[in-house]
Amino acid sequence: MSDTTTSAPAPRPKKVQDRIDRLRAQYSTGGDRRRQRAEQLYSASQWQLMRAKFGKHKLAMVSLYLLILFYVVAILADFIAPYDPQERSRQHIFAPPSAIHFFAPDGGFVGPYVFDSRTRVNPKTFKYDLIVADNADMNPVVLFPKTDPYLLMGVIPMSVKLFGTTSRQPVFLLGADNLGRDLFSRIVHASRVSLFVGFGGVLISFVLGVALGGISGYVGGKVDVIIQRTIELVMSVPQIPLWMALAAAIPAEWTGIQTYFAITLVLSLVGWTGLARVVRGRILSMREEDYVMAARISSASSWSIITRHLIPGFTSYLIVHITIAIPFMILGETTLSFLGIGIRAPDVSWGSLLQQAQDVVVLSNYVWLLWPAAFVVAAVVLFNFIGDGLRDAADPYAK
Amino acid sequence: MTPSASLKSTEPRLKVEGLKTYFFLDHGILKAVDGVDFHVGEAESVGIIGESGCGKSITAQSMLQLVRGRGQIVAGHAVLRRKQGEMVDILSLDPDSAEMRSVRGDDASIIFQEPMTSFSPVHTIGFQIGEMLRLHTKLSEAQIRERVIAMLGRVGISNPEVRIDEYPHQLSGGMRQRAMIAMALICHPQIVIADEPTTALDVTIQAQILDLMRDLQDELGMSIVYITHNMAVVAENVSRVYVMYLGRVVETTTTERLFKDPKHPYTQKLLRSIPHPGRPVERLEVIEGSVPSAVDPPRRCGFFTRCPSAMAGVCDAAIPALTKVDDEHWARCFLLSDEKEAEDEWSSL
Amino acid sequence: MLQFALRRLGILIPFLIAISIVSFIVIQLPPGSYVDSYVNNLRLQGNVVSAEQEGNIRAMYGLDKSMPEQYALWMGKIVFAGDFGSSFRYNRPVAAILMERVPSTIILSLTAIAFTWLLAVPLGILSAVKQYSVWDHTLTLIGLVGLAVPGFLLALGIMFVVYQNTGWLVNGFFSPPFREAPWSLAKVLDLLKNVWLPILVLTIGGMATITRVLRATLLDELNKQYVTTARAKGVPEMTNVLRYPLRIAINPLLSTLGWMLPAVVGGEIVVSKVLNLPTIGPVLLEASITQDMYLAGGIVMILSVLTVFGTFISDLLLALNDPRIRME
């Protein structure tokens, strides 16, 4: 365009040119797929977008399926656990996880079986050792063995379990504890308490948080100040000591169910504050927005403004919050029960099972006692992955 | 300085050719700037005008290689004459290199449009302006402070020795924009790119700021590129105008001729959509439709969808080239010339 | 600034009163009273306690008065005499137990917080600046898993691994021979040999949250206009990040600094149970289990008061860092 060219344009630095070439190569293919995505992007609703984005998050999807499996196992605990969580076997104190064999000693395939075995204290090390006789009996491990009748989920009469042995020799998938109780059965039963404590607790703290945060943000004025100060007060009392003190106040004679609900309440009493703050913040900023203004001018009632206009505005956030809050509740219950101020025997939770693993010296002899920890961590990690995926999906500006 | 004088200047301060800045998104390539050419002469003012989303701000940021993240300048050259007189193609520099940083602020600087968000809220004005000198000169702290106070006074901030220690939120919008100008000019750059310098301000303050910039230009002799959507800024301050639409320059000529004799249908519509002083206003025209998406744009004239004189089979079959109307006037329209824009390796993407 | 500090200090007073009320409620929570347990205990030991004596004991502890009066009495003793009541289990004044245990708790917690910041802040910056890089993904993954491992498990796990591999049983702050010994170089070395584990566990516990919060806020700030402005001035990239966006992104962290203390103390309580540390944790746990409520209430109160001062300090830091808060 200009008549003068005084210096020849120079080439780009290699680093930059490489990036340009890489991008060009990357975008040379798959144009149709991208165009399709662009079209979806323009026509999709917020929910469709969120679901599509979440679906793309593979880790979160896998986690979701695994977590559903966890909950199915918890619900069907009576059927899936081969033994009653209280059933003791005096011959199998601290029995290690059973070795499951598939081939007979002579080498032929016979399907899964366990040998007859028992444990005995070693007089030198004071450790329980597993004793298997040279020509011990083989006990097949079968699907759907007959057992004493029981009620699945408290309603369906059943008399088979998912798996087990047909003889008196039990199969210990994950070993046995200090009273010879099957750890796998105990973990499966404990998962009911541990996995569902989150729901109850989150439900209560959710209702408290949304209600108080909503009122605080919507009504404003003195009510707002009082609620905000209350929140700050609750937050400034250290959580775990408060939990402890509150849990300590639960009368010892309460039944397992009562204790369970008390623990849920204790956990949620502290959990609502964070949510309340966020809900208030969102409402404060949203009530200034035009569409809420419009509703207000057209004299819609407060209730309908809140439910029709404000709450849908941050539903996605609430969902994310719940997925993040549940694992915190699970960890809280585990911690309290581990310390001995949560779920009490004979009821079991993952935390109370871990009490046996407190002593490192015991642990070094019977390392399988740590199995409940694996379940806690797995459940919480799965929740965290899902929460992470949801958070990305809920954020319209994320990539 | 008259427009014709600047047109004659033989050696441009900055000459940009074939600039393409793309954003590589999940759902396609956003061709924000798709082949822009312009040049600025010594102590000249030119305007780049266009609706929001036409790529003018990205053009400004590309000049200092400030485009980040998913954005990438993929083609073009921007040859700048530096203070010592040597010519350098800015786009041949590594964006993270010390040499590129030495150009930023010292040889070329940008006045951003949002004076509120353009300053860090937790550092004093003085610190942020002085940082320019700290980066590009070897002055002592005392000298820097002195220079900053002097500059703040020069841009019309009262009590500069007090204001220097204040934070952005303590200044009014107009004052902040003056501070922004002080920051952009304190190193006496060769060229200043003013990206919507007055958009966020009241009308009276807009005029003051533009007066100030004219005065400073006379005094310091820098070239200015005004990037704006505001015809009034263009009419009063620049000698030549580049009209941008959908990432391309569609027309360029002197300010005078642009207003008198626009050639491109878009420019014609644009001018009819603003009130003219001295002409009775009956009804302002609007340009129907909206700017189409710049994500994977089809190979056709960008204005095709909104153009009253669009020719089916011609305008939607290829992109017209920017062709010469006469020595002072260029436009990009098949009504004026059959010439098509040449394709490159990005055209098919 | 001084004015700001004084104003914040003024807000503290009603807060402290509210906290004392909460602690008082905690003490009153269990069914039955301190005297009931005390009298029961005496009777179990074979003493004969008449109704009159019981009444006297009640009067001595002010239990015959109304709740507000009891509260006033309890608070009055604390404020004017530093008397938190006495522990029925240890049979000692609560104040003495607090004096013995609280300092080590605070030192341990503050050390852990310092390490947490020292490690988490650089990692958060790295994660944000190199968003979607291998580093970022790895740190996010570790963070998500880290959040899922409760402190006591981590402590247990590390202890177990150390014991399995070296036979060294980390226990308390000092190995038995040094517990009662006067300070010496050997004792310091022994302390280091033990104390790294609780510090490590508490540090890791807080890191994931801080890294993730910092990453999120820094990512927001990095897209702000003022960062581009600084870049356009020719500020080198790393200087830019550290000088401008970080300064603002650190705000939410500073404001939670006060709340980090109770979180760390909470974690410390659980961890110290596993590691058998002579801090306030095991005492509170035992007090809770045995319903030794004056002790439990006293500990809750002291920890809450510390938290409130922690928030005060974090408010001051926030004001120092951000002039907008200072001048509001």
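The figures that follow rest on heavy atoms only: side chains count, while hydrogens, waters and symmetry mates do not. Letters A, B, ... are given to chains in the order of the sequence lines, protein chains preceding strands, and every chain is numbered from 1.
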Original post:
Partners of B:Tyr245 by ring-ring contact (aromatic ring centres under 6.0 Å, His included), sequence neighbours excluded?
Top reply: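 For B:Tyr245, the residues satisfying ring-ring contact (aromatic ring centres under 6.0 Å, His included) (neighbours in sequence not counted) are B:Tyr266, B:Phe303.
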**OP:** Please identify each residue that fulfils ring-ring contact (aromatic ring centres under 6.0 Å, His included) with B:Phe23, with sequence neighbours left out.
**Re:**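 Per chain and number, B:Phe23 pairs via ring-ring contact (aromatic ring centres under 6.0 Å, His included) with no residue.
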Does any heavy atom of chain A fall under 4.5 Å from the side chain of [X], the backbone, both, or neither of them?
X: B:Leu25; value: backbone
X: B:Ala78; value: neither
X: B:Asp94; value: both

Original post:
Above 12 or not: heavy atoms from other molecules or residues under 6.0 Å from CZ of A:Phe328?
Top reply: no
Original post:
A:Val279 and A:Gly213: which non-hydrogen atoms are nearest, and at how many Å?
Top reply: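 A:Val279 and A:Gly213 have their closest heavy atoms at CG1-C, 3.9 Å.
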Original post:
Looking at A:Lys15, A:Gln17, A:Gln26, which one has more heavy-atom pairs under 4.5 Å with chain B than the rest?
Top reply: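 Winner by heavy-atom pair count: A:Lys15.
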Subject >> Selection from A:Leu23, A:Val16, A:Asp21 maximising heavy-atom pairs under 4.5 Å formed with chain B >> reply: A:Leu23
Original post:
Regarding B:Thr254 and B:Glu328, is there a side-chain donor-to-acceptor distance under 3.5 Å anywhere?
Top reply: no
